[in-house]
Amino acid sequence: MAGEKITTRAQDYSQWYLDIVHRAGLAENSDVRGCMVIKPNGYAIWERMQRALDGMFKETGHVNAYFPLFIPKSFLAKEEQMAEGFAKECAVVTHYRLKAIPGKGVEVDPEARLEEELIVRPTSETIIWHTYKNWIQSYRDLPLLINQWANVVRWEMRTRLFLRTTEFLWQEGHTAHAKQAEAEEETHRMLEVYRRFAEEWMAMPVFTGPKTDGQKFPGAVYTLAIEAMMQDKKALQAGTSHFLGQNFAKAFGVQFQSAEGKLESPWATSWGVSTRLIGGLIMTHSDDQGLVVPPRLAPVHVAIVPIGKTPEEQKATVEAAGQLAAAIAAMPRDPFYGYDPLTVRIDKEFDKSPGFRFNEWELKGVPVRVEIGPKDLVQSACVLARRDRPGKEGKQMGIPLSDAPAKIDALLRDIQKSLFEKALAFREANTHRVDSYEEFKQKIEEPGGFFLAHWDGAKETEDRITQETKATIRCVPLEGTAEEGNCMVTGKPSKGRVVFAKAY
RNA sequence: CGGGGUAUAGCUCAGCUUGGCUAGAGCGCUUGGUUCGGGACCAAGAGGUCGCAGGUUCGAAUCCUGUUACCCCGACCA
């Protein structure tokens, strides 16, 4: 309800998350179980993410294409691990026609059963590699660097807005290479793109590294992931990049003739991030006042709130707001803000109290709010408020209107930086090194967080830990944790610490 | 798929145990007025086949049977 405070994180973390999604107008549950409606405010964030990511994909040589939503059932069966991994969560189209029943609506026409049932894609490796068979004949056709922006469906038992929904939006890159080394390089390159996007745009620090065999993508030789820490200290897998080896090429009979005239199977990668990132964004930065969006992804950067009691005051402050908005719009474009100009909103809802309006803009996560009231106008000034420090604490009074555009630009950059630093400090404060399993079992419950510990590399050990503590190995981090040691459970030798955490 | 729960206004819910006139509240919405520098207030309105189908009864939101949907907890997952 408008006018009421949201649940605080301390009260109930998941209710806090739902309140933010609802009150900031990001998404709502639809009438279709497990599926969400992404509302304009939420979709605008996704669009900003898409533009930034798409630019990074293009810079690394990729092009976009689109493959079908439906996949013949037989395709899925060709790659066995994949079939096994996704079988339990595939939606299946069995009929192609309905019949109108007068007075009763419609029912499935039993006469219209499909010869071959169609799977709604849970991911597109199979149909894409079936298509690549026709596209790849020569080493000259490689590398093939294609991305698609699409929706996919995975029939989840339990869903949460953005974090896990039955249908979600994502991008999936699918590349083919002549040499193994090239494909592996690509797998790492795209992981690095994701890391940069997470840190530089989302202001969300991540650990990167391979998943354990038990947690890799079905059909992959190995899976690299970016893992972020949410404010409840749980981990969120925010993106994955897979080295697929020749598994799909062989399953779909894709071969090319090398320069030496030999027939070879190409090497593959696939990589993706989804609307789940929006959930990660919320849980990384938002506070008890509402949503916090880093400036580089904010659909609206500046909200100007003119304040006035009388019609004259209102007219004067709205006019000043308009001039300021024009001055901001006239600033030179900067790639820092992505492909769009700075967006400014002027809030003319004078029938609401100023306090209400301030709170609404904080709730919506707009990084900078400008207040212009009669008292400011006397000295041609305004008040700047930064969202990352809510309430009066983040206000700067008496900023001359003529200086405001430059100050706002500086403020936005500072907010972007501060958000990252704050998130990083939080993660570091909650990442612990442990060497004894007893200590681990205790600390994973309280205080919780990420735990860097030695593990012997055995699936049985991993399973045991997961069973006993509900924590999983998030990744084997690439960032400097190589270190000789002994597995905290079995005492067997280990070459480096891995990241344990409870996860979404 | 196992265990629990709910279904009444756009939203959150009361009413049901113990059947009874025209089914209620808060929030939101509309209109008018007063307010206005950190979540204002007053007044008047609009809005509901009480999930659906049967049954019991003079009478059902309320009792009974069936049915459907959704939510929560567990096993699976980006």
Side-chain angles (χ1 to χ4, degrees), chain A residues 1-6 14-15 18-19 22-23 28-35 84-90 122-123 151-160 162-172 194 211 214-218 220 223 225-228 235-242 270-280 288-290 305-311 313-314 317 347 349-363 369-378 381-383 385 390-395 397-398 466-467 470 472 474 503-504:
Chain A
M1 316 273 136
E4 277 176 28
K5 294 201 169 186
I6 61 173
S14 47
Q15 190 57 47
L18 290 173
D19 281 1
H22 174 227
R23 293 284 297 282
E28 60 190 41
N29 277 309
S30 72
D31 291 325
V32 183
R33 176 196 166 81
C35 295
E84 224 175 280
F86 285 106
K88 284 170 290 183
E89 49 190 52
C90 285
T123 178
N151 58 338
V152 286
V153 168
R154 296 180 189 175
W155 214 264
E156 300 290 347
M157 313 257 175
R158 289 191 61 191
T159 58
R160 294 188 72 187
F162 290 118
L163 296 173
R164 173 162 296 106
T165 48
T166 297
E167 179 192 17
F168 56 95
L169 306 184
W170 76 345
Q171 59 64 218
E172 45 181 326
Y194 290 154
K211 287 285 185 185
Q215 296 192 43
K216 70 184 186 191
F217 174 77
T223 290
I226 58 172
E227 292 280 336
L236 183 77
Q237 178 173 309
T240 47
S241 182
H242 314 289
S270 71
W271 27 274
V273 295
S274 72
T275 37
R276 173 177 249 203
L277 288 178
I278 297 172
D288 293 344
Q289 311 305 313
V305 184
I307 298 158
K309 189 156 111 176
T310 65
E313 285 173 348
Q314 293 181 0
T317 52
D347 171 0
E349 294 205 57
F350 288 106
D351 54 335
K352 303 272 199 326
S353 74
F356 179 88
R357 293 154 78 199
F358 299 163
N359 281 297
E360 279 295 301
W361 288 112
E362 275 175 7
L363 186 55
R369 183 180 70 251
V370 182
E371 303 166 14
I372 305 179
K375 290 179 217 162
D376 300 302
L377 232 41
V378 172
C382 62
V383 174
K392 288 183 174 161
E393 187 205 335
K395 283 196 189 186
M397 316 281 183
T466 300
Q467 202 159 32
K470 308 249 165 152
T472 49
R474 301 319 302 160
Y504 277 94

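Throughout, protein chains are lettered first and strands after them, A, B, ... in sequence-line order, and every chain is numbered starting at 1. Since we're looking at a predicted model, the values are computed, not measured.
Here B:G37 is the nucleotide among B:C76, B:G37, B:G39 with the atom lying nearest to any side-chain atom of A:Pro374. Closest to the side chain of A:Met157, out of B:G39, B:G37, B:A75, is B:A75. Minimum atom distance to the side chain of A:Gln314 is reached by B:C36, of the listed B:G38, B:C36, B:G39. For A:Arg33, taking side-chain heavy atoms from C-beta onward, the closest of the listed nucleotides B:G39, B:C70, B:G38 is B:C70. Of the candidates B:G38, B:C76, B:G39, the closest approach to any side-chain atom of A:Glu362 belongs to B:G38. Comparing B:G38, B:G37, B:G39 by their nearest atom to the side chain of A:Lys392 picks out B:G38.
For the atom pair CG (A:Leu277) and CZ (A:Phe168), the distance works out to 11.0 Å, reported to the nearest 0.5 Å. Here the CZ-CG distance, from A:Phe358 to A:Leu363, works out to 15.0 Å after rounding to the nearest 0.5 Å. Rounded to the nearest 0.5 angstrom, A:Gln237 CD and A:Gln215 CD are separated by 8.0 Å.
Here B:G32 sits opposite B:C42 as a Watson-Crick or G-U wobble pair (both hydrogen-bonding atom distances under 3.5 Å). The pairing partner recorded for B:G59 is none, the criterion being a Watson-Crick or G-U wobble arrangement whose two distances lie under 3.5 angstrom. Pairing for B:C1 goes to B:G74, judged as Watson-Crick or G-U wobble with the two contacts each under 3.5 Å. Shown here, B:A23 forms no base pair; nothing in the strands shown gives a Watson-Crick or G-U wobble contact with both key distances under 3.5 Å. When both pairing distances are held under 3.5 Å, B:A69 makes a Watson-Crick or G-U pair with B:U6.
Distances shorter than 4.0 Å separate none of the side-chain N or O atoms of A:Lys88 from OP1 or OP2 on B:C76. Not one side-chain nitrogen or oxygen of A:Ser353 sits closer than 4.0 Å to the OP1 or OP2 atom of B:C36. The side chain of A:Arg357 places no N or O atom within less than 4.0 Å of a non-bridging phosphate oxygen (OP1 or OP2) of B:G37.
In summary, A:Glu360 and A:Lys352 do not engage in a salt bridge, as defined by a charged side-chain N under 4.0 Å from a carboxylate O. Taking 4.0 Å as the cut-off between side-chain N and carboxylate O, A:Glu393 and A:Lys395 do not count as a salt-bridged pair.
Looking at heavy-atom distances under 4.0 Å, A:Glu371 makes contact with a base. Looking at heavy-atom distances under 4.0 Å, A:Leu236 makes no contact with the nucleic acid at all. Within the 4.0 angstrom heavy-atom criterion, base atoms lie near A:Ser274. Residue contacts shown for A:Arg369 include a base, since a base heavy atom lies under 4.0 Å away. Across all strands, A:Thr275 comes closer than 4.0 Å to no nucleic acid atom at all (heavy-atom distances). At a threshold of 4.0 angstrom between heavy atoms, the contacts of A:Lys470 are confined to the sugar-phosphate backbone, with no base atom among them. If you check every strand for non-hydrogen atoms under 4.0 Å, A:Phe350 touches a base. Among the protein residues, A:Val305 comes within range of no part of the nucleic acid, since none of its heavy atoms lies under 4.0 Å from any strand. Base engagement by A:Phe168 is indicated by at least one non-hydrogen atom pair under 4.0 Å involving a base atom. Residue-level contact check: A:Gly239 touches neither bases nor backbone, having no heavy atom under 4.0 Å from any strand.
Between the CD atom of A:Gln467 and the C1' atom of B:C76 there is a distance of 15 Å, given to the nearest Å. Going from atom CD of A:Gln215 over to atom P of B:C76 covers 11 Å, rounded to whole Å. Counting to the nearest Å, the P atom of B:C72 and the CD atom of A:Gln15 are 10 Å from each other. A:Ile307 places its CD1 atom 13 Å from the P atom of B:A40, with the value rounded to the nearest Å. Rounded to whole Å, atom P of B:C71 lies 7 Å from atom CG of A:Asn29. At whole-Å resolution of the value, CD in A:Glu89 and P in B:C1 are 17 Å apart. A:Asp288 has its CG atom 16 Å from the C1' atom of B:G38, to the nearest Å.
B:G2 and B:G10 are spaced 34 Å apart, taking the P atom of each and rounding to whole Å. Comparing the P positions of B:C36 and B:U31 gives a spacing of 22 Å, expressed to the nearest Å. Here, B:G26 and B:A14 have their C1' atoms 10 Å apart, quoted to the whole Å. Atom C1' of B:C50 sits at a distance of 15 Å from the matching atom of B:G19, rounded to the whole Å. Only the P atoms considered, B:G20 is 32 Å distant from B:G28, to the nearest whole Å. Spacing between B:A53 and B:U68 at atom P, rounded to whole Å, works out to 15 Å. With both ends at atom C1', the span from B:A69 to B:U8 equals 16 Å, rounded to whole Å. Distance noted for atom P between B:U12 and B:C76: 31 Å (whole Å).
Although no hydrogens or angles enter the test, the distance criterion places no donor-acceptor pair under 3.5 Å between the side chain of A:Thr472 and the main chain of A:Arg474.
A:Trp170 and A:Val273 get closest at one heavy-atom pair: CB-O, 3.1 Å. The two atoms that bring A:Phe162 and A:Thr165 nearest to each other are N-CG2, 3.9 Å, heavy atoms only.
Along RNA chain B, the nucleotide closest to A:Thr159 and the one closest to A:Gly355 are compared, and the more 5′ of them pairs with A:Gly355. Comparing A:Lys395 and A:Glu156, the nucleotide of RNA chain B nearest to each residue sits closer to the 5' end for A:Lys395.
With A:Thr317 as reference, A:Ile372 is the one residue of A:Ile372, A:Val305, A:Ile307 to meet the side chain to side chain contact (heavy atoms under 4.5 Å, CB included) rule.
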